[in-house]
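Bear in mind that the values here come from a model prediction, so they are computed numbers and not experimental data. Each chain gets a letter, A, B and so on, in the order the sequences are listed, and its residues count up from 1.
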Amino acid sequence: MTKITPPEFITRSEEQLDKGYDPKVAQGLMQFLKPYAGHMIFALVLIVIVTAAAVSGPYFVKLAIDEGIAANDPLALRNIALAYLIVSIIQLGFNYWRVRIMARVGQHVLYDVRTAMFAHLQKLSLSFYNRYSVGRVITRVINDVGTLREFITWAVLAIVRNLLGIIGTLIAMIALNFQLSMLTFAVLPVMVWVTIAFRKAARQNYRKVRAAVSWGNSVLAENINGVRVVQAFSRQQHNYNTFSGYVNRYYLETSLDAVWVASLFTPVIDLLGALATALVVYVGGTAVLGESITAGVLIAFVLYIDRFFEPIRDLSRRFDTLQSTMAGGERILELLNTPVEVRDEANAAEMQPITGAVRFDNVSFHYSDDPVLVLDSIQLDVKPGETVALVGETGAGKTTIVKLLARFHDPTSGGVHIDGVDLRTVTQGSLRRQMGMVLQDPFLFNGTVKENILFGRLDAKDDEVIAAAKAVGAHDFIMNLKNGYETSVEEGGLTLSVGQRQLISFARALLANPRILILDEATSSVDTQTEHIIQSALAALLKGRTSFVIAHRLSTITNADKIVVIDGGRIIEQGKHADLLAAQGRYYELYKTGFQD
Amino acid sequence: MKNLIRSAAFLRPYAWQAFASLLMLLALTGLNLVVPRIIQAVVDDGLLRGDTAYLVRSALLLFGLGLVSALLGLGNRYASEWIAAHVSYDLRNRMYDHIQYLPFTYHDHAQSGQLISRCIEDVRAIEKFAGSSIPELARFALLTFGILGVMLSANLELAVISLLPMIPLILMTGWFGTKIGKLFFAVDQAVGEVSNRLQENVTGVQVVRAFAREEYETKRFESANMDVFRKWLHVIDEWAKIMPTTNWLITIGTILILYFGGQMVIAGELTVGAVAAFNAYLLMMAEPAQALTGLVNAGGEAAAGAQRVFEVLDAEPDIKSKKEARVLSALKGEVEFRHVSLKYQNENNHSLTDINVKVGQNKIVALIGPTGSGKTSLVNLIPRFYDVSDGAVLVDGRDVRDVELTSLRRQIGIVLQTSLLFSDTIRANIAYGRPDAAEEEIIAAAKAAQAHEFIEGFTKGYDTIVGERGVTLSGGQRQRVAIARALLTDPRILILDDSLSSVDTQTEKLIQAALDKLMEGRTTFVIAHRLSTVRRADLILVMDKGHIVESGTHDELLKAGGLYKEIHDLQLMQREEALTDIQPITGNKPTHENTLYAPRSNAG
């Protein structure tokens with residue numbers, strides 16, 4: 001059979017995930033544990049007590065046999081059983097206590113991590129969102145934080161408990177009988193070697209399994225998302241052969257490899273346990289015959305061997321958790337450590353009510369990860385109430401100009417001023433509350449139509465909402481919806497057309513009554529009638545405020561007070577429609593071929 | 001539970017392996033039960049009789065048994081995992097294939113994310129249950145019966161006493177199982193809400209920022225986050241109760257054995273070794289008993305997973321070839337809609353009502369009308385993506401329901417509004433409909449679609465990987481690859497669903513040229529908003545609310561003065577409003593033929 005290999009991009013990303021213990025990640029995660037240090041120390045104390053109680057178990061058995069049964073002393077037997085009972089109740093209570101404490105701490109930490117991530121996401125610049133897809137953000141906050149849960153809730157203390165258990169058992173065994181202990185430990189080196197070898201093999205296998213899973217995921221996802229194309233081209237049989245013969249087959253083969261190694265481990269450890277038991281029975285038994293130890297000691301010893309091997313098996317299982325936690329933790333920290341590019345200065349003032357004079361003073365801009373200038377020496381003066389149409393090809397820099405105006409980015413050099421105030425000296429909140437923005441692809445939140453309009457101004461009254469909707473011509477179609485303004489626009493629920501969404505987002509912007517309006521005209525198709533309504537809505541929206549429009553429609557451009565033609569990050573022409581046409585420059589050329597993006 | 005039993009049917013091909021695995025488990029359990037007996041014998045016979053040779057034999061026996069049980073354990077575990085891996089392989093294949101054949105009506109209502117997680121997560125839950133939980137459960141059951149038997153035969157009284165704590169343990173586990181499922185469900189719901197909030201916030205990040213609503217959003221998120229926290233606490237409270245208690249009940253068993261067993265030894269009814277053996281048996285049950293709560297969890301997950309898996313597998317692919325369906329030979333390309341009505345599942349109104357159209361070979365048909373008027377619904381009936389509710393769609397005079405589906409769809413080419421490409425090379429994407437196409441054919445198709453030039457511009461040319469993890473193509477480039485893809489299949493009937501709405505003017509011109517070539521000698525259906533595309537058609541269908549309200553050629557429809565004229569005038573007016581002040585400068589009055597000035601987004 002030929003060897004199946006997944007595509008390189010799959011294996012590459014899985015190798016990056018293959019993390020061992022990383023002190024930097026551990027340290028970063030510790031930050032979140034710090035507030036609960038007191039609780040954790042307390043839990044640790046409880047664990048020490050619980051472990052001591054657990055380790056004492058076989059000793060009570062020994063006592064019962066030697067002092068009670070063998071000594072024919074029913075009273076002693078009763079007392080020992082009673083003592084054992086009391087110890088076990090203490091163990092029960094403390095165990096309950098520590099599980100509660102740690103699991104609660106774990107949930108607190110996860111809550112904190114999620115909140116910190118969300119709050120950080122609210123501050124990150126928009127260029128972050130160009131690099132990070134929605135799916136990736138959700139995976140970080142939900143799945144990666146989920147891997148922490150397993151670790152913090154169970155693994156941290158399980159590791160401590162196992163280590164303590166091993167140490168405690170060691171001490172108990174040595175105290176009970178030195179020679180027999182040494183005999184048991186004889187298998188230890190083999191055991192350590194087996195464990196290390198196993199870990200190594202398992203780790204390689206799991207990496208392959210993960211690659212297989214993510215390969216399967218992506219092939220599945222594509223086939224489901226593209227199912228209409230699949231059916232249109234009758235590709236089902238071909239795709240099935242690929243899936244079952246390669247992708248799914250690879251998953252099967254890697255799983256079997258991993259399962260083989262995993263199946264091998266437990267029996268080998270058990271075999272070592274059996275070897276140790278056999279040794280103890282022979283040597284210990286001979287010793288009993290020589291009367292140097294009692295039967296109780298021998299029985300207790302056999303019990304201890306069991307308790308000695310169990311934590312080792314458990315630790316080996318926890319190693320997987322540690323590994324995925326390190327990988328998840330690293331990705332969480334990567335997000336949390338992404339620097340916030342636009343932040344309020346410590347002494348930032350509130351932006352005073354805006355009149356609407358805008359000035360770009362020799363503004364240049366490039367992204368932090370790319371030295372190529374996106375905007376180059378932009379000089380622009382806009383009087384209050386003017387409508388500016390930004391015109392140019394895709395990637396010319398139109399969007400960047402309006403993003404600087406809303407201060408989604410700060411200029412690399414030069415400054416953006418509104419009413420003579422440099423935007424960097426005021427708080428973002430006070431600035432943006434006075435600005436409105438309508439995007440090309442109008443985004444609606446899950447909720448009712450009313451809630452979506454209210455997003456512009458949360459405390460607006462019902463009649464204000466309706467007035468805004470009426471002003472942009474949205475009222476009529478809203479009233480025709482099943483529940484009017486209370487109709488919900490949930491995903492998968494009611495589907496509004498692009499044009500209807502556009503009108504709702506207009507109403508939202510109008511309700512906010514911004515002093516400066518930024519509008520990115522939609523390029524997607526709207527039928528002719530809706531288009532007509534949108535045109536008149538636009539007029540209502542632009543009236544009486546400074547507006548920047550990334551324009552695609554001829555009528556918007558020709559009606560503008562100022563047309564700014566942008567190419568390669570520079571303003572190459574600006575002026576009124578008639579003047580620019582007369583100049584027969586770039587605008588004239590663009591005009592001839594149509595104004596599209 | 002019903003679903004778990006149903007999924008057991010997937011075990012049938014591996015019945016022999018399952019039987020072998022069970023036999024090994026039986027043998028293993030038997031051996032496990034012998035070990036405490038040996039220890040007992042060592043204590044009672046070896047030690048008391050002072051027989052060194054006996055001790056050597058026992059030690060060797062213990063090690064030998066250890067070796068054999070290690071082998072059996074390995075065999076049993078690997079066999080069950082092997083079976084589980086194969087079952088999940090089969091299940092995933094079934095799911096994958098089944099989903100491919102589910103009709104559009106199904107996918108219209110299904111969320112793709114959910115389908116994916118059913119194929120991966122739910123199948124894995126079943127695999128885990130079959131591979132480790134069932135064997136664990138079997139081991140627990142066998143051990144319990146074995147131990148019960150051994151103990152009862154050794155000493156009835158002590159057996160009953162020492163097994164007393166097992167009763168509350170099993171009761172508790174059962175109770176826990178029913179309760180924890182509900183609590184976990186609540187957690188899942190809460191996490192789903194957090195994820196929704198997050199998704200919305202990230203998708204709408206520009207709006208949130210533009211309206212300075214970060215604090216408001218953070219508050220909303222925190223309340224969802226807090227809900228997850230609370231729901232988890234409920235789960236934790238149960239865990240904190242059950243886990244230590246399970247341990248404790250086992251210890252109580254030991255204490256009971258020591259106390260009552262010890263008294264029996266003192267009374268001479270029992271040996272010391274027997275007490276040790278009793279204790280060892282009890283401890284043997286400790287691990288599986290502790291795992292029992294985990295098993296209950298896994299069982300619940302697997303049952304829920306199986307239910308979701310069967311929901312998919314039980315969905316009928318109702319659009320499929322009939323048994324007696326004829327394979328279509330090469331089509332001429334005549335299409336007829338005969339009294340066609342269409343009502344989608346879960347919708348109250350008809351999307352199409354009594355459509356009657358007959359289209360001749362190699363004709364171009366344009367469909368125009370407001371959003372939701374039924375244009376896409378109509379063309380989707382030709383490749384039989386949906387079945388009519390009434391009437392019939394005929395291709396070359398044959399009802400599409402009576403012909404073999406693949407032979408029909410192979411002769412129909414479709415370019416959708418948003419062209420979806422797959423994460424693969426450009427070559428593979430173009431050859432999607434004909435994986436066996438020769439290199440020259442692929443290049444010829446790319447050239448015809450005006451795509452060859454930009455493809456050659458990439459360093460890897462046709463081997464460039466596109467899609468999510470590869471090179472990002474612009475909308476226009478994607479569209480041209482999609483056109484090449486449709487072209488390569490050399491369809492007799494071509495459907496273009498609003499293929500030009502998301503590209504810029506320059507590209508549009510290139511694509512228009514490619515499309516003109518594509519339409520030659522084929523029956524073509526074009527959905528468009530722009531009149532410049534529409535007016536060239538042999539037949540224009542004007543649709544509104546599921547009806548064809550007008551049909552004819554451009555000139556006929558203008559004369560008729562209906563909806564078409566209205567749309568036409570609106571577009572013209574918008575254009576002319578903008579054009580009024582250009583005339584003195586350019587000096588030539590634009591005519592209808594001059595499409596250069598057509599405002600695209602409004603016409604789109």
Selection from Thr277(A), Leu110(A), Val268(A), Asn223(A) maximising heavy-atom pairs under 4.5 Å formed with chain B = Asn223(A)
What part of Thr489(B) is in contact with chain A, defined as an atom under 4.5 angstrom from a non-hydrogen atom: side chain, backbone, both or neither?
-> side chain
If you count heavy-atom pairs under 4.5 Å between each of Val438(A), Leu272(A), Asn72(A), Leu279(A) and chain B, which one has the most?
-> Asn72(A)
Side chain, backbone, both or neither: which part of Ile65(A) has a non-hydrogen atom closer than 4.5 Å to chain B?
-> side chain
Is there a donor-acceptor pair under 3.5 Å between the side chain of Ser234(A) and the backbone N or O of Val230(A)?
-> no
Using non-hydrogen atoms and a 4.5 Å limit, figure out which bit of Ile89(A) sits close to chain B: side chain, backbone, both or neither.
-> both
Give, as side chain, backbone, both or neither, the part of Asp270(A) having an atom under 4.5 angstrom from any heavy atom of chain B.
-> neither
Arg78(A) bridged to Asp73(A) by N-O distance under 4.0 Å | no
Which portion of Ile142(A) sits near chain B, non-hydrogen atoms under 4.5 angstrom = side chain
Under 3.5 Å side-chain donor-acceptor pair for Asp97(B) and Gln100(B) = yes
Contact leader toward chain B among Gly68(A), Ala232(A), Ser255(A), where contacts are heavy-atom pairs under 4.5 Å | Ala232(A)
What part of Leu256(A) is in contact with chain B, defined as an atom under 4.5 angstrom from a non-hydrogen atom: side chain, backbone, both or neither?
-> both
Portion of Asn559(A) that has a non-hydrogen atom of chain B nearer than 4.5 angstrom = neither
Mind checking the CD-CZ spacing from Gln236(A) to Arg409(B)? Nearest 0.5 Å is all I need.
-> 7.0 Å
At a heavy-atom separation under 4.5 Å, does Arg508(A) approach chain B through its side chain, its backbone, both, or neither?
-> both
For Phe408(A), is it the side chain, the backbone, both or neither that has a heavy atom under 4.5 Å from a heavy atom of chain B?
-> side chain
Answer with yes or no whether the side chains of Glu222(B) and Thr115(A) bring together a donor and an acceptor at under 3.5 Å.
-> no
Given a strict heavy-atom distance threshold of 4.5 Å, which part of Val50(A) is in contact with chain B: side chain, backbone, both, or neither?
-> neither
Side chain, backbone, both or neither of Val302(A) within contact of chain B (heavy atoms, under 4.5 Å) | side chain
Of Ala70(A), Gly57(A), Ala119(A), Ala221(A), the largest count of non-hydrogen pairs under 4.5 angstrom with chain B goes to Ala221(A)
Counting only heavy atoms closer than 4.5 Å, note whether Ile299(A) contacts chain B via side chain, backbone, both or neither.
-> side chain
Quick one: sort the Phe229(B) and His108(A) rings into parallel, tilted or perpendicular, breaks at 30° and 60°.
-> tilted
Contact part of Thr245(B) toward chain A, heavy-atom cut-off under 4.5 Å: side chain, backbone, both or neither?
-> both
Which bit of Leu458(A) comes within less than 4.5 Å of chain B, counting heavy atoms only: side chain, backbone, both or neither?
-> both
Residue from Phe118(A), Tyr84(A), Tyr282(A), Tyr96(A) scoring the most non-hydrogen pairs under 4.5 Å with chain B is Phe118(A)
Heavy atoms only, distances under 4.5 angstrom: which of His238(A), Arg98(A), Arg104(A), Arg433(A) has the most pairs with chain B? Name it, please.
-> Arg104(A)
Where on Ala262(A) is there a heavy atom nearer than 4.5 Å to chain B: the side chain, the backbone, both, or neither?
-> both
For Asn225(B), is it the side chain, the backbone, both or neither that has a heavy atom under 4.5 Å from a heavy atom of chain A?
-> both
Quick check: does any side chain N or O of Glu81(B) sit under 3.5 Å from a backbone N or O of Trp260(A), one acting as donor and the other as acceptor?
-> no
Toward chain B, the part of Ser505(A) with a non-hydrogen atom under 4.5 Å | neither
Who are the side chain to side chain contact (heavy atoms under 4.5 Å, CB included) partners of Val219(A), not counting sequence neighbours?
-> Trp215(A), Phe243(A), Val247(A), Tyr96(B)
Counterpart residues, ring pair (Phe, Tyr, Trp, His ring centres under 6.0 Å), relative to His86(B) (two or more places apart) | Tyr14(B), Trp82(B)
Counting only heavy atoms not in Tyr89(B), do more than 12 sit closer than 6.0 Å to its OH atom?
-> yes
Which region of Tyr101(B), side chain (C-beta onward) or backbone (N, CA, C, O), has a non-hydrogen atom less than 4.5 Å from a non-hydrogen atom of chain A, or is it both or neither?
-> both
